[in-house]
Structures are given as C-alpha cells and as structure tokens.
Amino acid sequence: MQTKYIFVTGGVVSSLGKGIISASIGKLLQARGYKVTIQKFDPYINIDPGTLNPYEHGECYVTEDGFETDLDLGHYERFTGIRTTRNNSITTGRIYQTVIERERRGDYLGKTIQVVPHITDEIKRRMLRERSDEELDFVITEVGGTIGDIESAPFMEAIRQLRWQLGRNAVCVHLTYVPYLKAADELKTKPTQHSVKELQSMGIQPDILVLRTERHLDDGVRQKVASFCNVDLDCVVQSEDMPSIYEVPVSMQQQGLDAAILKKTASGARDVEGAFSSWYAFLDKQRKATREVHIGLVGKYALQDAYKSIRESLNLAGIYNDVKTRIHFVNSEDVTAENVATLLGDMAGIIICPGFGQRGTEGKILAAEYGRTHDIPTFGICLGMQMMVIEFARNVLGYQDANSREMSDSTTHPVIDLMEEQKTVTNMGGTMRLGAYECELQKDSRVYEAYGEKTLISERHRHRYEFNNLYKEEYEAAGMQCVGINPAANLVEIVEIPNKRWYIGTQFHPEYSSTVLHPHPLFMDFIKECVTTTNLTN
C-alpha cells in the first residue's frame, strides 16, 4: 500500500483539540490494522519548546531519543502507544535552521534563498518523512495555530502543493468551531464558513470537517455546513464535549470519521480489529470508577497543561485501580510550615512536581517533610525527588543548609550537584540530560516489585543536576535507600524510604511512558497504596 497523508488544520480559535483529534484518527486507523505515525508542525520560531515557559506552552514533552517537544506528542503516545522521536516534532525554527545551514555550506549554489520554494520544499520533505526508513500506511500531520496566522502561511502552501502532488493519497481534515449564542439561542456556523473560506483562499479545499461544539448539532446544521463549505455530508462530523478525552475516538468512529478518511484516500476498508475492544474495556472501567481518591499535586505552575502527563498518568492509574483520581493543585509558593497540614492533611497521596529554578522549592521541601513525617504516600519526580533528598539532609542528617547547587552556590552541603558533563555547557536549549537511559533496580526494593520484579528498566530524563554520590553512604545509613542506579554513569535514579508506606523519588519522568492501555507501573503502585488505607468518597 502506498503511504497516505492526512493533514489536520484548525480554524476560528486555538485550543479546539487538534491534538486529540489527530491522536483519535491515529488510534482508529491502528484499530483497523494500519501502521501509522503522527507528527506535529509548530509555526513558532523556537527550535523546540524546551526553553519556553510552561505558562506559554504547557509542559515540555520528551521523546525517548532525547528531543524536547510539544505536549501534543504526549497525547499521540498515550492514545496510540507509538514511541515518537525528534522526527515527529518540527518547528519553523528547525526548518529555517536547516535551510540556513545548507545555504552557509553552499548547497544552493549561489541561488537566492526564498520562502518559496526553499522553505516550503524543506517543510514538504519533512511532511513526507523522506529520510525515514519506516514503512507506514498513514502519516498524520497536525499543523499548530489557526488558519490565517502569518507564521503558518508556509505550512499551508506546502500542504497545498502536496495535495496536488499526492492526489488521492492526501486528505485534509479541518477542525473548526460552531459556537452557541445564548442570547439568540442559536448555534452559529458562520465562523466555520469563514474559516473554510480562508483555507480555500490558500488553495486548500478541506475534505473532512470536524466541528467543535459544546451543544449537539442536528443534521440540519451539518447539512448547512456541508453545502456552504463544499464538503460531503458524511464527511462533516462533530466533536462535542465528552466526559473524557478518551471517549473521543469512539465518538469519531461512531460518526464514521475513519471510514470517511479511508474512502477519500481510496484505502481498503478493513474492519476494526479486536484490538479496539481493550479500549472499550478501559472506558467501561472509567465509567464504573465512582469512588474518589484525592491527590495533592505540589508545584509552582498554576496551569493544568503544565503537568499534563502527570495528571493523565494519575487519572489512568486511578481508573485501573477502580477509582476516580481527584487532583488538587497546591501552589508550592504558598506552602508554609503553618499551613502545610491544612493544604495536605486530607490528601491520600502527594506528588512533588518537577520544575526548574528556585521559586517554590521551599514549599516543595515542606510538602516532602509533611509526607515523610506523616507517612502519606509521596512521589517526587525529577526536581521533586531532589527536594525529597534535600529535606532528608536537613531534617534527618542534620545539614541545615543542605541544598542544590541550582538553588545555592554557597551551600556547604550540595546534596544535589551539577552533573559533571554539564559544567562546561553554556547554551540552554537541548543541552540537558535528555531521553531514555537505563536504570538497575535493587531487588529488595518497592520499585523492583512495582516494575514486576524487573532488574533493568529504561526511563526518560530531563535535568542538569543529580544526587551527589559523596553523600550516598550517609543517606543509606540513615534510612533513605538509593535503589535505582544508572549502570553506565553510576548516577542515582531512584530513592526510597523502605519503612514508609510509599515514599519514592525518581530522577526520571515516568509520566512520559504512561499510556491508556499500559499505565505506568509506578503510578499504578502509588495509587494502589493511596487507595489501600484510605477512606474513599463517592
């Protein structure tokens, strides 16, 4: 089968859910037995989102091969189980960087470099994945931003050219918005019409429209949109608000989105395989999970998307433990010795979040102390683990000024120190310890049991600072065990206190590896412990 290409664009407003729709399409095609991949093209000029403030762009997701990407790649992986790479995340910055480097080498033989054809050719090459040796049935390409944005124009031109070049091997799915005006008691299709008109003005006729709506659209509304936008009625589907994002693929399947794509691309209409039954089983567990377990999420970014993968990992682990996870954000900047009990006392478990910089770290240290001294299941991730280590040094080892070199150069007890290879690094972007690294687990540890008695695991990292091995013997003698070690560099990856119910910190980010059908074992074990001795609410 010749590779087919699906382009997903958006109009009217941002944050309509292109990433969820793209992931849903990928899941549905997978369920029919097709081999797919999904990639995100972002129009911003940053090389990657690694240096962006989470308030600007949400969490930074990290691939196994060590590339910092947009959070939508997290959706792609959670829905499909695909392991994405740097080739699945492209920005305008990377496109221009590649073209400029070629120009500097003289590859263009003195030609004047222009947006068309040089930039658009590079975009097309990456959309077609010309350097990939994967044999794929479908490549799904989501373009960030909305139609009409100045920065997205080269991407739209590239899609226009590819539509003509590929013929029936390419299809455009356009996601748009149908608002409800309460005063008029009407659903309005005009924004959708204008969005499609804008797309048509760029030479692109959408094949399929996905209408984002907060109210159900009747056939009359769909017929109106189909008529005014030159789209077949069976290719106009609606994306209503759902109780869970994981119900979106089912809704899209019931409306025939995957069937429409197969028809438009002249692909074989394979039946949905039994593999999709596991998705229905998951949704059934989700609907039956009515008891609630309350988890305190201690971090400094008061934004849901800033900890997206952690939130989803907790939710998935809750469902598989037959409970609904209620996450309570606790701003670490607001945590004090006087109010920590009020903020965390009613929580079944505590997550100490990752992050960078000094802001909010003392609050995380107080939260780690409260979890340890009150024997509340506590899970520290990356910087969260480091805060657990610092708290233990201050309050158990007696080193009152213990700290991380990141927070204090003057500390006499740098229990967290800059990695040796980082000491000569000056650039900020893409220079951390990134991607998947191996970790050997201690056999008599809680994490060894949680991972199903595996001795060697691989997890993704994103950090510059590490546990200082000069203090390792002191920690272990006082009760905090270093139970996960990187075999190549002897770095401490996991700490735990065995005589506590569940007190574990990981230098890596387990949330990046949790998917709908395979929730991460550490989150599963954490929620299981939170549920075991907790009075659950309905």
Side-chain angles (χ1 to χ4, degrees), residues 4-26 28-29 38-41 43 120 123-124 127 138-149 152-179 187-213 217 219 221-240 248 251-253 255-267:
K4 314 289 185 178
Y5 297 87
I6 301 168
F7 301 106
V8 181
T9 59
V12 185
V13 293
S14 59
S15 302
L16 288 179
K18 292 193 302 297
I20 300 299
I21 293 299
S22 299
S24 297
I25 292 171
L28 292 177
L29 292 173
I38 316 177
Q39 53 191 4
K40 176 75 180 289
F41 281 64
T120 51
I123 293 172
K124 288 194 297 179
M127 285 181 170
F138 285 92
V139 175
I140 303 164
T141 299
E142 176 194 349
V143 178
T146 57
I147 297 302
D149 293 344
S152 66
F155 295 97
M156 295 302 106
E157 172 60 19
I159 292 173
R160 184 196 67 78
Q161 293 180 23
L162 286 174
R163 289 292 308 285
W164 284 102
Q165 176 183 330
L166 297 169
R168 294 200 69 178
N169 289 328
V171 62
C172 178
V173 178
H174 189 55
L175 179 63
T176 178
Y177 183 46
V178 178
L187 288 157
K188 293 295 185 180
T189 65
K190 192 63 72 176
T192 290
Q193 294 177 46
H194 279 296
S195 178
V196 172
K197 184 178 180 181
E198 183 76 25
L199 191 61
Q200 290 169 335
S201 73
M202 297 178 175
I204 303 171
Q205 168 61 46
D207 300 284
I208 298 169
L209 291 177
V210 179
L211 308 181
R212 188 74 175 85
T213 176
L217 307 179
D219 288 345
V221 173
R222 291 177 53 245
Q223 181 64 65
K224 181 179 180 181
V225 170
S227 298
F228 279 96
C229 298
N230 303 328
V231 176
D232 297 334
L233 179 61
D234 63 349
C235 291
V236 179
V237 302
Q238 57 184 309
S239 178
E240 296 180 75
V248 175
S251 173
M252 294 299 104
Q253 183 191 55
Q255 296 180 74
L257 176 58
D258 51 338
I261 290 171
L262 295 177
K263 182 183 74 172
K264 289 290 184 181
T265 57
S267 303

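Between atom OG1 of residue T213 and atom CG of residue L187 there is a gap of 5.0 Å, rounded to the nearest 0.5 Å. If you take CD1 on I25 and CG on L257, they are separated by 5.0 Å, rounding to the nearest 0.5 Å.
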Side-chain polar contacts of residues 14-24 - donor-acceptor pairs under 3.5 angstrom, sequence neighbours left out - could you list them?
unit_1, atom_1, unit_2, atom_2, d
K18, NZ, G145, O, 3.2
S22, OG, K18, O, 2.9
S24, OG, I20, O, 2.7

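A heavy-atom distance below 4.5 Å is not found between the side chains of V236 and C229. When side chains are defined from C-beta on, L166 counts as touching Y5, because their heavy atoms get closer than 4.5 Å. A heavy-atom distance below 4.5 Å is found between the side chains of V196 and H174. Under the 4.5 Å side-chain criterion, counting only non-hydrogen atoms from C-beta, T265 is not in contact with R168. Side-chain atoms of T9 and I159, non-hydrogen and from C-beta on, do get closer than 4.5 Å to each other. Within the 4.5 Å cutoff, the side chain of I6 has heavy atoms near those of the L29 side chain. Within the 4.5 Å cutoff, no side-chain heavy atoms of T189 are placed close to those of F228.
Every residue meeting the side chain to side chain donor-acceptor pair (under 3.5 Å) condition with Q200, not counting sequence neighbours, appears here in chain and number order: Q205. Remark: K188 pairs with P179, L181, E186, P191 by the side chain to side chain contact (heavy atoms under 4.5 Å, CB included) rule, at least two apart or across chains. Applying the side chain to side chain donor-acceptor pair (under 3.5 Å) criterion to T141, with sequence neighbours excluded, gives Q39. With sequence neighbours excluded, no residue forms a side chain to side chain donor-acceptor pair (under 3.5 Å) with T120. Scored by the side chain to side chain donor-acceptor pair (under 3.5 Å) test, S239 finds no partners at all (sequence neighbours excluded). Shown here are the ring pair (Phe, Tyr, Trp, His ring centres under 6.0 Å) partners of F138, two or more places apart in sequence or in another chain: Y34.
Listed by first then second residue, pairs satisfying side chain to side chain donor-acceptor pair (under 3.5 Å) with a partner in residues 224-236 read Q223-S227, D232-K264, D234-K263, not counting sequence neighbours. Residue pairs meeting the salt bridge (charged side-chain N to carboxylate O under 4.0 Å, His left out) criterion with at least one partner in residues 139-149, sequence neighbours excluded, are K40-E142. For residues 154-163, the side chain to side chain donor-acceptor pair (under 3.5 Å) pairs, not counting sequence neighbours, are K124-Q161, E157-R160, E157-Q161, R163-D207.
When atom types are taken as modelled, the side chain of T176 and the backbone of L211 share no donor-acceptor pair closer than 3.5 angstrom. Side-chain atoms of R222 come within 3.5 Å of backbone N or O of L233 as a donor-acceptor pair. For Q255 (side chain) and Q238 (main-chain N/O), a donor-acceptor pair under 3.5 Å exists by modelled atom type. Side-chain atoms of S201 come within 3.5 Å of backbone N or O of E198 as a donor-acceptor pair.
Taking each heavy atom of M127 and F7 in turn, the nearest pair found is SD-CE2, 3.8 Å. Taking each heavy atom of L199 and C172 in turn, the nearest pair found is CD2-SG, 4.2 Å. Minimum interatomic distance between G26 and I38 (heavy atoms only, all atoms of both residues): CA-CD1, 4.2 Å. Between T192 and Y177 the shortest heavy-atom distance is OG1-O, 3.0 Å. The two residues P43 and G144 make their nearest non-hydrogen contact at CG-O, 3.4 Å. When all heavy atoms of V231 and P206 are compared, the closest pair comes out as CG2-O, 3.6 Å.
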*Quick one: do M252 and V237 satisfy side chain to side chain contact (heavy atoms under 4.5 Å, CB included)? Show the steps, please.*
CA-CA 7 Å; M252 294 299 104; V237 302; 4.3 Å; yes
